[in-house]
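Remember, predicted model here, so these are calculated numbers, not experimental data. Labels below follow one simple rule: chain letters A, B, ... track the order of the sequence lines, proteins then strands, and each chain is numbered from 1.
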There are 2 protein chains.
Amino acid sequence: MTGSIALNLRIEVAPLAIRAERLEALLVREPTGWRLPGGLLETGENLDAAARRHLTEQTGLDEAYLEQLYTFSPSESAAGKLAVTVAYYALLARDAFPDEPAADGRGQMVWSPVAALPDSLRDPVGIVTLAHRRLASKLAYSTIALQLMPERFTLTELQAVHEIVSGETLDKRNFRKRILALDCIEATGDAARRGGHRPARLYRAKRSGQVDFIK
Amino acid sequence: MTGSIALNLRIEVAPLAIRAERLEALLVREPTGWRLPGGLLETGENLDAAARRHLTEQTGLDEAYLEQLYTFSPSESAAGKLAVTVAYYALLARDAFPDEPAADGRGQMVWSPVAALPDSLRDPVGIVTLAHRRLASKLAYSTIALQLMPERFTLTELQAVHEIVSGETLDKRNFRKRILALDCIEATGDAARRGGHRPARLYRAKRSGQVDFIK
DNA sequence: TATATTAGTGTCGATTCTACACTATTGCGG
DNA sequence: CCGCAATAGTGTAGAATCGACACTAATATA
């Protein structure tokens with residue numbers, strides 16, 4: 001009933017964030033190109049913890065929302081060895097990562113738009129694409145978009161995140177009605193004065209860090 | 001970046017079916033009680049194939065709808081070894097399994113209502129409970145319930161399956177309107193005459209074996 | 001032939017969704 | 001300081017969908 005075999009159990013994490021009006025993934029350099037952060041499971045470590053550890057060690061990012069995506073076992077496993085990959089995705093709030101990834105002792109990193117990944121990661125059934133799809137579908141029935149927002153944000157910014165992830169433009173009034181009815185955000189009281197126009201009211205998540213299901 | 005470690009990678013499958021107006025799971029005997037069908041991954045084998053193989057070998061059931069559920073790594077892993085379990089669930093059509101599991105050379109088996117599992121499997125975050133939840137939520141946005149139906153079935157039977165899985169009673173007319181509007185089933189032309197009452201029209205899935213997403 | 005039992009069918013009000021346009025407030029430049 | 005450019009913020013009405021609800025139809029059996 002029990003036993004053990006030579007196994008290559010990798011964990012890979014697709015770290016996603018909104019940058020420059022696009023959904024982007026953070027990649028780390030490997031000798032032959034770019035890859036997602038990840039690595040092996042350590043003895044006694046649990047999968048969620050390992051995903052978080054690899055993400056933090058390789059990118060310096062902490063404070064991400066992490067969720068398991070799927071477990072892959074490509075048929076082309078190395079001879080005599082099993083290759084199994086447990087995939088996660090991480091959502092980074094806009095104020096949880098620097099504008100440009102600083103390679104402070106760590107390997108080189110790059111943000112890549114998910115719509116234009118390097119060849120090695122461009123795959124219609126790959127982790128990043130799957131993560132994007134999962135995220136887009138969760139927009140409809142959860143408050144997951146808040147995980148991509150900074151601590152304080154405007155409704156226009158939140159709408160932009162929804163539009164970027166879903167790829168569809170939304171009506172401003174309908175969006176506001178719908179979001180406010182969810183009772184998941186609250187006005188902070190002050191406003192963002194950015195640019196030569198009327199300031200926008202700033203909101204914050206009511207239950208920050210928590211993803212609620214809707215309806 | 002690559003390597004391998006002593007690892008206990010199990011696959012477990014929760015085989016689910018509607019029996020006696022309940023959702024039940026098929027369990028196999030182990031020395032200390034009951035467990036879900038499952039076992040280890042073989043070299044060169046892919047996870048889906050392994051799940052199907054263990055299910056077939058241990059229960060004799062083929063022709064199930066299989067879907068990966070989640071990958072678990074309990075913190076209480078045996079000392080020095082990692083315990084990782086990839087969980088699947090299997091949906092058995094009503095005509096794809098015998099009324100009582102025949103232990104033809106195989107170990108003993110039992111169908112257990114998911115609401116009354118043996119202690120060893122009763123777990124609010126366990127595989128069977130999770131599979132039940134996944135199935136119930138998929139009722140709302142897919143045609144997955146058809147995987148639990150025999151080849152030909154009545155609308156009343158299909159409604160009963162929805163009610164059993166979701167735990168909610170449904171309005172007969174609204175249910176029929178909704179299902180027929182999905183264009184996922186078609187009348188076979190003949191009727192089921194069972195008992196002293198008006199016979200029911202028999203339907204079949206239009207795209208049998210395939211689970212469509214709704215809307 | 002009467003009875004019991006399940007199959008099968010439509011409407012209406014309530015709710016939700018969707019499309020749609022103008023006023024408000026600021027910064028900046030002339 | 002005044003006008004302009006730019007974004008914020010707000011309500012309504014028609015369409016579509018949802019949900020409640022009750023009777024007739026067809027068969028087996030006694």
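- At whole-Å resolution of the value, CG in L182(B) and P in dT17(D) are 13 Å apart.
- Within the 4.5 Å cutoff, the side chain of L55(B) has no heavy atoms near those of the Y88(B) side chain.
- Whole-Å rounding puts the L170(A) CG to dA8(D) P distance at 15 Å.
- Across the interface with DNA chain D, nearest-nucleotide mapping of D171(A) and K177(B) shows D171(A) to be the residue nearer the 5′ end.
- Residue T156(A) is in sugar-phosphate contact alone, with no base atom involved, counting any heavy-atom pair closer than 4.0 Å across all strands shown.
- If you take CZ of F175(A) and P of dT10(D), they are 14 Å apart, rounded to a whole angstrom.
- The R201(A) side chain lies nearest to dT10(D) when the options are dA7(C), dT7(D), dT10(D).
- Exactly one of H162(A), E163(A), E157(A) qualifies for a side chain to side chain donor-acceptor pair (under 3.5 Å) with Q159(A). That residue is E163(A).
- Summarising the geometry, the separation between CG on L180(B) and C1' on dA7(C) is reported as 13 Å, rounded to the nearest angstrom.
- Judged by closest nucleotide on DNA chain C, H197(B) is the one of H197(B) and Y203(B) placed further toward the 5' end.
- By the 4.5 Å heavy-atom criterion applied to side chains, L69(B) and I127(B) are counted as neighbours.
- Rounded to whole Å, the distance from CZ on R176(B) to P on dG19(D) is 18 Å.
- Per the geometry, CZ belonging to R193(B) stands 15 Å off P belonging to dG8(C), to the nearest Å.
- Counting any heavy atom pair closer than 4.0 Å across all strands shown, R178(B) reaches no nucleic acid atom.
- Considering only side-chain atoms of R198(B), the nucleotide from dT6(C), dA8(D), dG11(D) that sits closest is dT6(C).
- A 4.5 Å side-chain heavy-atom check between L40(A) and L9(A) finds every atom pair outside the cut-off.
- Atom NZ of K172(B) and atom C1' of dA25(D) are 11 Å apart (whole Å).
- Side-chain proximity of P199(B) to dT9(C), dT27(D), dC20(C): nearest is dT27(D).
- Distance check, rounded to the nearest 0.5 Å: CG of D183(B) to CZ of R207(B) gives 6.0 Å.
- The distance from atom CG of N174(B) to atom P of dT17(D) is 14 Å, rounded to the nearest whole Å.
- Looking at the side chain of R173(A), the nearest of the listed nucleotides dT27(D), dG8(C), dG11(D) is dG11(D).
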